[in-house]
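This report refers to the structure that appears directly beneath it.
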Protein chains: 2
Amino acid sequence: MVTIYDIAKRANVSAMTVSRVINDSGRISAKTREKVKRIMDELNYVPNSTARSLVKQETKMLSLLITDITNPFFTTLARGAEDAALELGYKLLFGNSDEKLAKEREYVDMVLSTRVDGLLFAPASDASIEHLNMLDRHRIPYVLVDRDVPGTEADVVLGENRLGADQLTDYLIGLGHRRIALVNGYGTVSTARERYGGYCDALARHGIHYDESLVVEYGYNRFDDPDKLERLLALPNPPTALFAANNVLAVSVISFLRDKGIGVPEQISVVCFEDVGLASKLDPFLTVAVQPAYDFGYKGIHLLAERIRLKDEMERRIIRLPSAMIVRKSAAAPPKTSTPDF
Amino acid sequence: MVTIYDIAKRANVSAMTVSRVINDSGRISAKTREKVKRIMDELNYVPNSTARSLVKQETKMLSLLITDITNPFFTTLARGAEDAALELGYKLLFGNSDEKLAKEREYVDMVLSTRVDGLLFAPASDASIEHLNMLDRHRIPYVLVDRDVPGTEADVVLGENRLGADQLTDYLIGLGHRRIALVNGYGTVSTARERYGGYCDALARHGIHYDESLVVEYGYNRFDDPDKLERLLALPNPPTALFAANNVLAVSVISFLRDKGIGVPEQISVVCFEDVGLASKLDPFLTVAVQPAYDFGYKGIHLLAERIRLKDEMERRIIRLPSAMIVRKSAAAPPKTSTPDF
DNA sequence: CTGAAAGCGCTAACAA
DNA sequence: TTGTTAGCGCTTTCAG
């Protein structure tokens, strides 16, 4: 491997001179600079950032931990994070927790030992607080994204979940629905709680009775127990509309309904939070509340970079990014018959 | 920061003893091992992998460079790569070239300076050979994935592009189509050439005249010049079916056709290579050739790890992963009228 | 089974 | 403007 010393020897200067040329620091005569640069080129020199990290105590690496790398929301978020990181001179290490606390734990261990300069973190659930505490103990700056965790003091970039859910529910009510089911994420995730809140807000505002048998919970990344939904549909007074708390759940629900021969939106209307990537382009079908996923990542990395610079000298920042409702075709007025026949 | 020396001092042993405990290497008495471990816990010690990398001359980091992080094919590939890397004790650094040579170049620079142990590389085009040469000069092991590059000696994981494209085209012919257009990627990308080959194979086998005006090329990640397609449709004898070389192009094409009020598959049939993520679950519409995307990543990382271990002591390996055709609804028999009216 | 010394490639701090 | 020295946190090598 070509080192600074190889260059120094060939150029008849000290290692420090080479280092200064590499870093554009210190005053160097134009002549030596040129000479050193030429030799660096000749030898195909590439600085060893491992060595530099060790002495500078910074890696110029940031890390992004998301919970579902196959979800278009998170991949778009990742793109935003990557762009921001590159602009700011950082590399980005990605990780994927699959909504699992155990995988998240492993990843946090790795992050600690890799000595990344900071972490943009989409926590799997409230229980992630334990991992945040680890990060705190080791003084690794981090910013939360998409989900908040009670008990943390960290900066956070969140969506307007409550408002967005309210809007979506309100829309269904406007269409004439009164029995609206919520297919939610687990209550241990802040977005699920907030979307639940918005759902209740809309119901209450319209004087509609809240019925807890209309609410079911799933993991955001998998629709693993169709029975729950089955029971919902078997209710004496079943829902005429479903509000799915995220895109993956919505797609699963629709796929499930279709398999049972239930028409969407003819028999049941469906809306959800988050758009569905290519699917919405292929067939603009789902009525959704889209979030500016790219900005979540972009803004998150910027907050993180500032936090790294300023450490504790800055108040906690909570950014709320608005969502926008896109009306398409998956929701319509409820069927006329009062007792649907699924 | 807690270092090995802090532990050593507290435990009344040498740094080497601590190092040996950490690495489970060398014979250590059970008693000292326990003592050292206890103190490591007490102090929340986390090894500094930067320092370790510097002396061991390996980072235990692998890198994955893909060309489109928003494409479900590549994100699924990424998941496979991540799983394999973790299993093998590596971290994974992700990068995204957006099909752009310039971004790819920057990423390769970064990879060199980060001293990753190896790179799993989906090249943007044949011109990527320049970057492969850089990698070679610096002795960084790499494996190509999804796309081959003429002139390289590297291991590579590829799809059965020619066969898959043949099969898809054959299917359209079987449906009765004779005028089949190919909406391809650029000819500078190996998959585009191979898919073109398969298209021609099927045509030839059935004695169908190859008409070059039926072939247009786009970047795989963007449908940027609709005029090309427009001209295709304006042909005196226009196509009754379109074969899109990848998922993104297919979705764009369908969206374009829909905007023009052209029915798929009533007026034009469409098939493509690669499935479309959530879209296919939401609405099983597109007839496609799916590739085992996860395995591309998983297998690729395994090849890479072997290559890192064995360096030049192994022949070049070329893995071909089969694709499977999934017949859905986007292709049907051509319309009866001999002169369609778009 | 345990330790001392040296050094991975680089840069901070101080000198000249 | 350039150089010298020391050391980042760890492991290799050799010695006990």
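Chain letters run A, B, ... following the sequence lines, proteins first, then strands; residues in each count from 1.
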How does each nucleotide of nucleotides 10-16 of chain D score, in 5' to 3' order, for protein heavy atoms under 4.0 Å: base (B), sugar-phosphate only (S), or none (-)? BSB----
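Note that the two end axes of the helix from C:dC1-D:dG16 to C:dA16-D:dT1 enclose an angle of 30°, each drawn from 5 base pairs, rounded to 10 degrees.
Using a 4.0 Å cut-off between charged side-chain N and carboxylate O, A:R105 and A:D109 make a salt bridge. Under the 4.0 Å criterion applied to side-chain N and carboxylate O atoms, B:K91 and A:E106 are not assigned as salt-bridge partners.
Under the 3.5 Å distance criterion, with hydrogens and angles disregarded, no donor-acceptor pair is assigned to the side chains of A:N71 and A:Y220. Side-chain contact check for A:T17 and A:S14: at least one donor-acceptor pair (N or O, by modelled atom type) lies under 3.5 Å. Side chains of B:Y90 and B:E82: a donor-acceptor N/O pair is absent below 3.5 angstrom, by distance only.
Among the protein residues, A:S53 comes within range of no part of the nucleic acid, since none of its heavy atoms lies under 4.0 Å from any strand. At a threshold of 4.0 angstrom between heavy atoms, the contacts of A:T32 are confined to the sugar-phosphate backbone, with no base atom among them. The residue B:L54 sits close to a base: some heavy atom pair falls under 4.0 Å.
Not counting sequence neighbours, the partners of B:E58 by the side-chain contact (heavy atoms from CB on, under 4.5 Å) test are B:K56, B:K60, B:D117. In this structure B:T70 satisfies the side-chain contact (heavy atoms from CB on, under 4.5 Å) test together with A:R79, B:D68, sequence neighbours excluded. Residues forming a side-chain contact (heavy atoms from CB on, under 4.5 Å) with A:M314 (at least two apart in sequence, or on another chain): A:E306, A:R307, A:L310, A:R317.
The span of DNA chain C lying next to chain B, judged by atoms under 4.0 Å from heavy atoms, is bounded 5' to 3' by C:dC1 to C:dG9.
No side-chain heavy atom of A:L144 sits less than 4.5 Å from a side-chain heavy atom of A:L120.
Below 30°, between 30° and 60°, or above 60°: for B:Y298 and B:H302 the angle between ring planes is between 30° and 60°, a tilted geometry.
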